[in-house]
Q: 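Take this structure, written in structure tokens, and hold onto it; I'll ask about it next.
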Amino acid sequence: MEPIIIVLIILVVLVFIALIKTIQVIPQASAAIVERFGRYTRTLNAGLNIVVPFIDTIRNRIDLREQVVPFPPQPVITQDNLVVNIDTVIYYQVTDARAATYEVASYIQAIEQLTVTTLRNIIGGMDLERTLTSREEINAALRGVLDEATGKWGIRVNRVELKAIEPPTSIQDSMEKQMRADRDKRAAILQAEGVRQSEILRAEGEKQSQILRAEGEAKAAALRAEGEAQAVRTVFEAIHAGDPDQKLLSYQYLQMLPKIAEGDANKLWIVPSEIGDALKGLSGAMGNFGAMGGNSTPAPNVPAQERREKPSID
């Protein structure tokens, strides 16, 4: 009985192992390569798959999702014989599991070496300045070469990015000094432009102020002249409306003579000839007043010609 039990146990274990090897569950976005006696048979897709135990074997399981692989910095020589270190990042995806397994031994290593050689060819035709400013151009050239070369490996390169481009330390110091000098130059130019603009605005302000002041003075003078003219016109109209006689005009004329002589600068002034007529009219008025009152004697009648020939000097 004991040998039979042992055989049965062995058979159960073998059946259990066979069942495990027969049923293969492949996760989503994955694929498996099946070989029968060392030869490619088929590719297992995601889901439940049945294989022949002890005859079919799983050679490789491949992730079909997009992969991101950063490569270490690589020294590259530019056209002007400067060594720069460039970090690259590759975004790729396996599109054919069979080709990725059998067409290349290690597609990751192959992509890395192809990236390095292509990058050296591209950078070798550029100087340092163009290398630092042509990232998009370098990325496009790398992607084109890698996509064409990896197509037969069942790989599709989606993107190629340059993480960093590091020139030599001496070149970095020179570039920093040049950038600092450019910033100082731009700052000086901006400051000079600001001062110039400020002076222009100040001059414009003064010009406008002078123009407005001159316009104000002109308007004030015009208004003042107009007021004086109006005053003269009003006085003239009042005089004519009052119909003054010769006696009143002579009296007003004599009242204005002291005002003419006012001032320290008036050392010499000449009595005009018309004053004789005023005195004549005034003396006549005084004579009439005396005749009316009876207590005054008429003023002597001095010829006007004599009074004109004897000017009064103060």
Side-chain angles (χ1 to χ4, degrees), residues 3-74 76 86-123 135-163:
I4 297 174
I5 294 173
I6 294 173
V7 171
L8 291 176
I9 291 173
I10 293 173
L11 290 175
V12 170
V13 172
L14 291 175
V15 170
F16 182 73
I17 294 174
L19 289 175
I20 292 175
K21 289 185 173 292
T22 300
I23 300 173
Q24 295 291 331
V25 178
I26 306 300
Q28 183 66 33
S30 299
I33 302 299
V34 178
E35 292 181 349
R36 181 170 295 175
F37 300 114
R39 185 176 181 178
Y40 171 76
T41 302
R42 59 195 175 105
T43 300
L44 301 181
N45 297 320
L48 183 63
N49 296 273
I50 304 299
V51 297
V52 179
F54 306 108
I55 296 176
D56 295 337
T57 58
I58 303 299
R59 166 68 185 272
N60 191 13
R61 294 178 182 267
I62 298 176
D63 193 345
L64 300 179
R65 295 174 297 178
E66 186 174 10
Q67 304 293 322
V68 181
V69 179
F71 295 143
Q74 299 294 330
V76 181
I86 300 179
D87 296 351
T88 55
V89 179
I90 304 296
Y91 296 80
Y92 73 93
Q93 187 176 9
V94 177
T95 57
D96 188 352
R98 177 180 178 279
T101 303
Y102 295 106
E103 295 296 333
V104 63
S106 175
Y107 56 83
I108 296 296
Q109 185 177 2
I111 292 174
E112 180 181 1
Q113 296 302 319
L114 183 60
T115 300
V116 171
T117 55
T118 305
L119 191 61
R120 287 176 178 174
N121 292 333
I122 296 173
I123 300 300
R135 289 175 176 263
E136 294 296 332
E137 182 181 353
I138 297 172
N139 293 341
L142 273 174
R143 179 182 176 185
V145 174
L146 290 175
D147 198 17
E148 181 181 359
T150 58
K152 62 180 180 180
W153 301 340
I155 307 294
R156 182 177 69 244
V157 177
N158 297 326
R159 295 178 61 186
V160 180
E161 296 291 342
L162 301 182
K163 290 176 58 179

Q: Could you tell me whether the side chain of Arg42 reaches within less than 4.5 Å of the side chain of Val51, counting heavy atoms only?
A: yes
Q: Can you tell me how far apart NZ (Lys163) and CZ (Phe71) are? Round to the nearest 0.5 Å.
A: 11.5 Å
Q: Could you list the donor-acceptor pairs under 3.5 angstrom formed by side chains in residues 136-147, with sequence neighbours left out?
A:
from: Glu137; atom 1: OE2; to: Arg130; atom 2: NH2; distance (Å): 2.7
from: Asn139; atom 1: ND2; to: Arg135; atom 2: O; distance (Å): 3.2
from: Arg143; atom 1: NE; to: Asn158; atom 2: O; distance (Å): 3.1
from: Arg143; atom 1: NH2; to: Asn158; atom 2: O; distance (Å): 3.4

Q: Taking distance alone, no hydrogens or angles, what donor-acceptor pairs closer than 3.5 Å link side-chain atoms of residues 88-95 to residues at least two apart or in another chain?
A:
from: Gln93; atom 1: OE1; to: Arg156; atom 2: NH2; distance (Å): 2.6
from: Gln93; atom 1: NE2; to: Leu64; atom 2: O; distance (Å): 3.1
from: Thr95; atom 1: OG1; to: Gly154; atom 2: O; distance (Å): 3.2

Q: For Ala29 and Ala46, which heavy atoms make the closest approach, and how far apart are they?
A: N-CB, 4.4 Å
Q: Starting at CG of Leu19, measure out to CG of Leu14 and round the result to the nearest 0.5 Å.
A: 11.0 Å
Q: How long is the span from the CG atom in Asp96 to the OG1 atom in Thr101, to the nearest 0.5 Å?
A: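 Result: 8.5 Å between the selected atoms.
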Q: Rounded to the nearest 0.5 Å, how far apart are CZ of Arg159 and CD of Glu66?
A: 8.5 Å
Q: State, with a plain yes or no, whether a side-chain heavy atom of Ile111 is found less than 4.5 Å away from one of Ile155.
A: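 Yes, their side chains come closer than 4.5 Å.
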Q: Using 0.5 Å steps for rounding, measure from the CD1 atom of Ile4 to the CD1 atom of Ile9.
A: 12.0 Å
Q: Picking from Arg36, Lys21, Gln24, what satisfies side chain to side chain donor-acceptor pair (under 3.5 Å) with Asp56?
A: Arg36
Q: Are Ile50 and Ile23 close enough that some pair of their side-chain heavy atoms sits under 4.5 Å apart?
A: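 They are in side-chain contact.
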Q: Should Arg120 and Val76 be marked as a side-chain contact (heavy atoms from CB on, under 4.5 Å) after you check the CA-CA gap, both sets of side-chain angles, and the distance that decides it?
A: CA-CA 6 Å; Arg120 287 176 178 174; Val76 181; 4.1 Å; yes
Q: For Ile26, is there any backbone N or O sitting under 3.5 Å from a side-chain donor or acceptor partner on Ser30?
A: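 No; judged by distance alone, with no hydrogens or angles, the pair does not exist.
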Q: Can you tell me if Gln67 uses its side chain to pair, donor with acceptor, with the backbone of Arg65 under 3.5 Å?
A: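 The answer is yes, because a donor-acceptor pair under 3.5 Å joins these two groups.
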Q: Rounded to the nearest 0.5 Å, how far does CG of Leu119 lie from CG of Leu114?
A: 11.0 Å
Q: Do Arg59 and Glu35 meet the salt-bridge criterion of a basic N to acidic O distance under 4.0 Å?
A: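 Counted as a salt bridge, because a side-chain N and a carboxylate O are separated by less than 4.0 Å.
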Q: Any side-chain heavy-atom pair from Pro72 and Glu112 closer than 4.5 angstrom?
A: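 Yes, side chains in contact.
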Q: Show every ring-ring contact (aromatic ring centres under 6.0 Å, His included) that has at least one partner inside residues 40-61, sequence neighbours left out.
A: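 Every ring-ring contact (aromatic ring centres under 6.0 Å, His included) pair that includes a residue of residues 40-61, provided the two are not neighbours, is Tyr40-Tyr102.
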Q: Can you confirm whether Thr43 sits close enough to Ile33 that some side-chain heavy atom of one is under 4.5 Å from a side-chain heavy atom of the other?
A: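 When only atoms from C-beta onward are counted, Ile33 and Thr43 do touch, with a gap below 4.5 Å.
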